[in-house]
Amino acid sequence: MTKREFLQELRQKLNAYPKEEVDRSIWYWSEMVEDRIEDGATEDEAVASLGDINEIAKQIEAEMPLASIIKNSGKDRGTSEGTKSSTGTTVLIVILSILAAPILFPLLVTVLAIIFALVITLWAIDISIWACALSGVACFISGIVLSIVLLFSGHGLIALSTFGIAIAGAGLAILFGYAAFYIAKGIILLFKAIIKSTKKGIVNKKRRNK
Amino acid sequence: MDVQLKRGILDICVLTALLKEPSYGYKIIKDIQPYMSISESTLYPILRRLEESNAVLVNTQEHNGRLRKYYSITETGRNRITAFLEEWKSMMDIYAFIEGEIKGND
């Protein structure tokens, strides 16, 4: 078998693979035959010493990186049909996104509405607890004032019970205050986490697309 | 020899064959052949891997009226040889340990 026959047959066997990969292999094997001839072998000997051509083809197939198969298959299509196919896909994407808009747009609005509702609800809960705390404080202040007034107007017993209620108010204020504070903190952390995970999701997607 | 192990060693052998001067496919095979069996089909993916991991640089030069690909080792490639030797040293320690244990039990 001559070098040309060998390379032709090899190319034929690798027909299904990206041109760039096949060219690379052909170049390599061509160089190998040439170097053997230069080393003193005849062309026939050189080709024969490479071994079974089917084995060589199989080996090339087995070692071909999957990434380049995928990458080049897209590229090859692009070059053989010019830029037509890529503009074709762009048009298709535009059409599809327009067609999908009636579904996607309300979906997006819904998601945003849910997030908005979540924000409002969570902060409403927190605000109501703050309000409870504030009313506790108000109860304490007014209770103290009232008990002093009552004490000086001679109603000692009632003044004492009012003072007790004021202290209870203060206790509730502290309790609700703590609760409201930690809930506020929790809400902020939650939204930070949501933003962070959204960002991560977008970055990962970009990386995958690359 | 274990396939994975042989693969790794062949990578190093190819890099070593480039230490003195840039070389080409056929010469690399001839240089390694006395020490380890290597065929053209085996060398192709190795060169490719080394090229992709920047361990070697490929340079196309004219030779006797045709083009030939010359491979030269990079700093990354040299580091890989050094790392291999280091690794092998610790492998030898393990070997000595295993051998010593077996002899001790006899």
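The chains referred to below are lettered A, B, ... by the order of the sequence lines, with proteins before strands, and numbering in each begins at 1. Quick caveat: nothing in here was measured; it's all calculated off a predicted structure.
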Starting from the C-alpha separation in whole Å, work towards a yes-or-no answer on side chain to side chain donor-acceptor pair (under 3.5 Å) for A:Glu38 and B:His63. CA-CA 11 Å; A:Glu38 207 178 288; B:His63 169 83; 2.7 Å; yes
Above 12 or not: heavy atoms from other molecules or residues under 6.0 Å from OH of B:Tyr35? no
Carefully, step by step, assess A:Trp27 and B:Thr60 under the rule side chain to side chain contact (heavy atoms under 4.5 Å, CB included). CA-CA 11 Å; A:Trp27 170 295; B:Thr60 310; 3.7 Å; yes
Residues of residues 68-86 of chain B with any heavy atom under 4.5 Å of a heavy atom in chain A: B:Arg68, B:Lys69
Bottom line for B:Leu47: the part with an atom under 4.5 Å from chain A's heavy atoms is side chain
Tell me if the CD atom of B:Gln61 is crowded by more than 12 foreign heavy atoms within 6.0 Å. yes
Applying a strict 4.5 Å limit to non-hydrogen atoms, the region of A:Ser25 in contact with chain B is both
Under a 4.5 Å heavy-atom criterion, the part of residues 10-28 of chain B in contact with chain A comprises B:Tyr24, B:Gly25, B:Tyr26
Can you tell me how far CD of B:Glu51 sits from CZ of A:Arg24, rounded to the nearest 0.5 angstrom? 4.5 Å
Heavy atoms under 4.5 Å from chain B: which residues of residues 176-187 of chain A carry them? none
Does A:Tyr28 reach the main-chain N or O of B:Glu40 with its side chain, forming a donor-acceptor pair under 3.5 Å? yes
Heavy-atom distances under 4.5 Å only: say whether A:Glu31 touches chain B with side chain, backbone, both or neither. both
Value for CD1 (B:Ile29) from CE (A:Met32), rounded to nearest 0.5 Å, stands at 4.0 Å
So for atom CZ, which belongs to B:Arg66, do other residues, nucleotides or ligands contribute more than 12 heavy atoms lying within a distance under 6.0 Å? yes
Quick one: are B:Lys30 and A:Asp35 in side-chain contact, heavy atoms under 4.5 Å? no
For A:Ser49, all residues meeting side-chain hydrogen bond (donor to acceptor under 3.5 Å, both in side chains), sequence neighbours excluded: A:Arg36
To the nearest 0.5 Å, what is the distance between OG (B:Ser41) and CG (A:Leu50)? 8.0 Å
